[in-house]
> 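The structure under discussion is supplied below as structure tokens; questions concerning it will follow.
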Amino acid sequence: MDLTNLNKNQKKAVEKIGLPVLVFAGAGSGKTRVLTYKIAYLINEIGLPPENILAVTFTNKAAQEMKSRVFELVNQDISGINIGTFHSISAQILRREIHNLGFSNSFTIYDQQDSRSLVKKVIKNLNLDLKQIEPKSFQTRISNAKNSLLSVEHFKNFSDNYSDKKFYEIYKSYQEELKNCDSLDFDDLLLLPLKLFKEFPDRLQKYRNKFQYVLVDEYQDTNKPQFEFIYSLANEHKNIFVVGDDDQSIYGWRGADISNILNFREAFGESHIEKLEQNYRSTNNILQAAWSVVSKNTNRSEKKLWTENGSGDLINLLESFDDRHEAKQIYNLVLKFKNNLNEIAILYRTNSQSRIIEDRLRIENIPYQIIGGVKFYDRKEIKDVLAYIRLLVNNNDSISFERIINFPPRGIGKSSLEKINEFYLTTSNSYLDLLNSINEINLGQKQKVSLNDFLGLIKKYKSEIDFKKGSEIVKSMIQDLQLENYYLKQKTDESIDRWNNIQEFLAGIEEFEINNPESNLVEYLEEISLLTDIDRWNDSENRVTLMTVHSSKGLEFDNIVIAGLEDGLFPIIRSFEDDNIEEERRLFYVALTRAKKSVNISYAKSRRQFGGSPIITTKSRFIKEIPEKIINYNLVHKKTNHPTDNYRKINKFSNPRNSSNEIVVNSLVEHKVFGKGKVLKIEGIGDNSKLTIKFYNNVVKKLIYKYANLTIIKG
DNA sequence: GGCGTTTTCATTTGT
DNA sequence: TGAAAACGCC
């Protein structure tokens with residue numbers, strides 16, 4: 001097999017067989033290339049059948065890409081290969097095996113929202129005060145416990161104070177409720193395979209035999225259950241190959257354990273460790289900035305990226321008066337890539353920062369795409385329709401039942417629901433059982449009719465599952481429910497949007513059916529519950545991408561903007577105990593190393609919270625960790641004039657898109673730092689042209705147009 | 001008892 | 001600013 005496309009270290013990692021391999025792969029060092037070549041090498045040179053290979057990636061999109069790249073390299077049928085995220089691989093195993101653990105094979109996967117609703121339900125059922133016992137914090141505690149492999153039993157005797165005692169009860173009851181609902185939360189998806197392997201050694205043996213070679217990407221972000229999963233599959237044959245970078249570990253808060261990568265050798269014994277330090281992505285200045293930041297961390301393995309690329313542009317620093325002004329300045333920057341908007345991405349620490357930037361881009365008609373935040377499948381109208389589908393598939397799904405029992409409104413409110421629940425809990429095995437005993441429930445006549453109609457509808461469509469196409473079932477159900485009328489009669493922009501989203505959702509089911517002709521609704525539900533925005537992301541369209549730094553992991557862009565570099569926001573600072581400044585720093589490192597050509601870091605001197613009045617902020621300490629000599633300060637305002645009024649007027653009454661590009665010799669311009677000046681000479685054309693300007697204090701400066709951010713006083 | 005309206009209160013990060 | 005909870009009217 002031709003490995004000439006690999007450098008020396010990459011090649012060594014690919015060819016090493018017979019020992020566990022750990023590859024420390026720095027940002028942009030060709031990690032994906034090594035993984036794909038390794039898999040292709042196993043198939044082509046070692047003769048391993050694709051179905052005996054397990055490769056775990058961080059996103060579904062990455063899995064798809066890896067699959068097609070391996071296919072290009074090996075040129076044979078690899079449809080049996082197992083590539084996916086931890087969650088999707090686990091779900092696949094459980095669909096076959098979960099009956100051993102007392103669930104049905106059409107179990108439902110609860111997302112965070114569903115799981116929170118269930119926690120809340122449990123707290124209510126235990127007659128606890130929702131104000132004292134916050135569902136959100138208990139959900140987090142349950143999730144943390146699971147990520148630390150701590151079962152309900154573990155907390156039985158750790159019940160000193162009120163809150164701990166209640167935690168045990170809630171955790172216990174929550175797990176029971178999940179089982180009653182025939183449902184798993186995201187964490188259980190990882191835990192149940194471990195339980196299966198433990199209780200049914202023959203199942204473990206089966207999967208050990210099946211997965212003869214195990215590869216893991218982004219190994220630094222694996223948590224305890226994920227490690228156990230990999231370890232139980234691979235510790236016997238030791239055919240394991242992991243790739244990661246401890247400097248890019250940014251998921252500690254959800255249990256990712258950096259010691260998994262740092263202690264790889266202790267876990268798997270004698271191993272081959274390879275370091276990839278040549279970076280093929282970024283300029284030297286970007287790497288220098290990234291290095292000066294991350295090297296401040298103490299707990300890291302020693303390595304330093306280098307590149308044969310030139311030094312490139314300086315790191316541009318943007319200073320803004322407030323968050324709106326920041327959005328405006330970012331828009332100005334984006335404008336320079338008007339015809340290649342997919343060459344620039346805007347990154348931020350928190351999703352809430354996206355709105356103000358989004359507003360500006362929308363006003364200016366710049367196409368954009370936001371990843372994360374409220375996901376498509378998390379929208380209320382979509383979740384409502386999904387709840388109907390889930391209830392058809394799983395008649396024990398309480399969360400879905402409660403979501404739609406009165407949507408669209410059918411006169412069954414809070415107190416009716418309580419009565420139904422009470423009856424259901426004592427008498428029935430599934431919600432459909434209620435159909436036979438509606439008259440025994442203590443409900444009003446109107447409510448009885450409504451409930452009967454509702455359950456009748458579920459029953460009718462359930463009976464069609466095996467012989468009708470999912471999309472047809474859903475379409476006809478939506479018609480029965482008269483959702484179109486429900487939304488369109490409201491005649492608000494919002495309700496029209498919602499109806500359009502439902503149409504888009506329907507189209508999505510049809511598309512899924514075309515791509516998966518043998519599939520049913522259960523598989524469709526699984527697919528979308530494990531899908532993220534990144535997986536749906538189209539990176540070839542002419543649109544600016546907005547996303548959190550977390551979402552940007554593993555991606556690259558020509559140019560990036562990192563917004564909101566203020567102390568408290570990035571790095572985020574909440575309380576004194578659980579702040580993790582080193583992880584914040586790694587996060588900033590990840591952000592910087594996404595860029596190939598240019599990095600623009602931005603901060604605002606004041607920022608609004610919850611849409612209130614602006615609060616004074618402090619510039620991020622991370623900015624000071626970048627050497628001054630590689631920062632371009634041209635966009636930093638030295639004057640303290642309030643720009644707000646100015647740009648508001650401009651946007652309202654004039655077209656800002658024609659306000660640039662009109663500089664000629666002798667033009668009068670104003671620069672943010674140097675003040676007013678006269679253009680003496682123009683060398684080159686367009687954004688990269690070099691301007692010689694004589695400022696009013698007789699200082700002559702040569703400035704590159706695109707960085708100078710000049711205001712034209714007279715063209 | 002249900003449903004529309006007002007008030008409150010919250011923002012890390014995500015499978 | 002926006003979603004969920006509390007409120008108060010029919």
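So that the names make sense, note that chain A is the first sequence line, chain B the second, and so on, each numbered from 1.
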> Could you tell me whether the phosphate oxygens of B/dT13, OP1 or OP2, come under 4.0 Å of any side-chain nitrogen or oxygen in A/Ser551?
no

> Distance only, no hydrogens: is a donor on one side chain within 3.5 Å (strictly under) of an acceptor on the other, for A/Thr222 and A/Asn260?
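There is such a pair between these side chains.
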
> Could you state the atom-to-atom distance from CZ of A/Arg586 to C1' of B/dT13 in whole Å?
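In whole Å, B/dT13 C1' and A/Arg586 CZ are 13 Å from each other.
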
> How far does the C1' atom of C/dA4 sit from the matching atom of B/dT13, given to the nearest Å?
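Per the computed distance, 22 Å lies between those C1' atoms.
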
> What pairs with A/Thr548 under side-chain hydrogen bond (donor to acceptor under 3.5 Å, both in side chains), at least two apart in sequence or on another chain?
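For A/Thr548 the side-chain hydrogen bond (donor to acceptor under 3.5 Å, both in side chains) partners, ignoring immediate neighbours, are A/Ser551.
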
> I want to check one thing: is the phosphate of B/dG14, taken as OP1 and OP2, less than 4.0 Å away from some side-chain N or O of A/Thr532?
no

> Mind calculating the distance between NZ (A/Lys553) and P (B/dT15) to the nearest angstrom?
11 Å

> Given atom CD of A/Gln139 and atom C1' of B/dG14, what is their separation to the nearest angstrom?
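These atoms are roughly 12 Å apart.
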
> Can you tell whether the side chains of A/Arg362 and A/Glu358 come within less than 4.0 Å, N to carboxylate O?
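Yes, charged N to carboxylate O under 4.0 Å.
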
> What is the ring orientation for A/Tyr388 with A/Phe454, classed by angle as parallel under 30°, tilted 30 to 60°, or perpendicular over 60°?
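Judged by the thresholds at 30° and 60°, the geometry between A/Tyr388 and A/Phe454 is perpendicular.
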
> Whole angstrom is fine here: how far is it from CD in A/Glu134 over to C1' in B/dC9?
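From A/Glu134 CD to B/dC9 C1': 11 Å.
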
> According to the interplanar angle, ranging from 0 to 90°, do the rings of A/Tyr424 and A/Tyr431 count as parallel (below 30°), tilted (30 to 60°) or perpendicular (above 60°)?
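If you compare the ring of A/Tyr424 with that of A/Tyr431, the planes turn out parallel.
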
> Tell me what A/Phe86 touches on the nucleic acid: a base, only sugar-phosphate, or nothing, going by heavy atoms under 4.0 Å.
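The residue A/Phe86 makes no contact with any strand.
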
> What nucleotide among B/dG2, B/dC3, B/dG14 has an atom nearest to a side-chain atom of A/Tyr251?
B/dG14

> Can you tell me if A/Asp221 uses its side chain to pair, donor with acceptor, with the backbone of A/Ile250 under 3.5 Å?
yes

> Grab the CG-P distance between A/Asp533 and B/dT15 for me, whole Å please.
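The answer, rounded to whole Å, is 8 Å.
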
> Name the nucleic acid region contacted by A/Thr350, choosing base, sugar-phosphate or nothing; use a 4.0 angstrom heavy-atom cut-off, strictly under.
sugar-phosphate

> Can you give one letter per nucleotide of nucleotides 2-10 of chain C, going 5' to 3': B for a protein heavy atom under 4.0 Å from the base, S for sugar-phosphate only, - for none?
S--SS----

> Report the distance from atom NZ of A/Lys448 to atom C1' of B/dG2, rounded to the nearest whole Å.
18 Å

> Rounding to an integer number of Å, can you tell me how far A/Phe186 CZ sits from B/dT15 P?
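So the two atoms are 8 Å apart, to the nearest Å.
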
> Backbone N or O of A/Thr140 within a donor-acceptor pair of the A/Ser143 side chain at under 3.5 Å?
no

> Does a side-chain N or O from A/Asn406 land closer than 4.0 Å to OP1 or OP2 of B/dG2, or not?
no

> Hey, does the side chain of A/Ser88 come within less than 4.0 Å of B/dT15's phosphate (OP1/OP2), counting only N and O?
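The answer is no; no side-chain N or O of A/Ser88 sits under 4.0 Å from OP1 or OP2.
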
> Ignoring hydrogens and geometry beyond distance, is the side chain of A/Gln112 in donor-acceptor contact with the base of B/dG14 at under 3.5 Å?
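Yes, a donor-acceptor pair under 3.5 Å.
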
> For B/dG14, does OP1 or OP2 lie under 4.0 Å from any side-chain N or O of A/Asn351?
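Checking A/Asn351 against B/dG14: at least one side-chain N or O falls below 4.0 Å of OP1 or OP2.
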
> Which stems does DNA chain B form, counting runs of 3 or more consecutive Watson-Crick or G-U wobble pairs with both distances under 3.5 Å?
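Runs of three or more consecutive pairs: B:1-10 with C:1-10.
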
> What residue among A/Arg607, A/Gln329, A/Lys605, A/Glu326 forms side chain to side chain donor-acceptor pair (under 3.5 Å) with A/Ser320?
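Only match with A/Ser320 under side chain to side chain donor-acceptor pair (under 3.5 Å): A/Gln329.
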
> Using heavy atoms to find the nearest nucleotide of DNA chain B for A/Ser529 and A/Lys414 separately, return the residue whose nucleotide is more 5′.
A/Lys414

> Would you call A/Lys619-A/Glu566 a salt bridge at under 4.0 Å N-O?
no

> For the pair A/Tyr231 and A/Phe227, name the ring-plane relationship: parallel under 30°, tilted 30 to 60°, perpendicular over 60°.
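Ring orientation, 0 to 90° scale: parallel.
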
> Side chain of A/His550 only, please: which of B/dC3, B/dG14, B/dG2 is the nearest?
B/dG14

> What's A/Ser416 touching, base or sugar-phosphate or nothing? Going by heavy atoms closer than 4.0 Å.
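Touches sugar-phosphate only.
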
> How many whole angstroms separate atom CG of A/Asn442 from atom P of B/dG1?
9 Å

> Heavy atoms only, 4.0 Å cut-off, all strands: where does A/Lys446 land among base, sugar-phosphate and nothing?
nothing

> Answer yes when A/Asp114 and A/Arg403 have at least one side-chain N-carboxylate O distance shorter than 4.0 Å, and no when they do not.
no

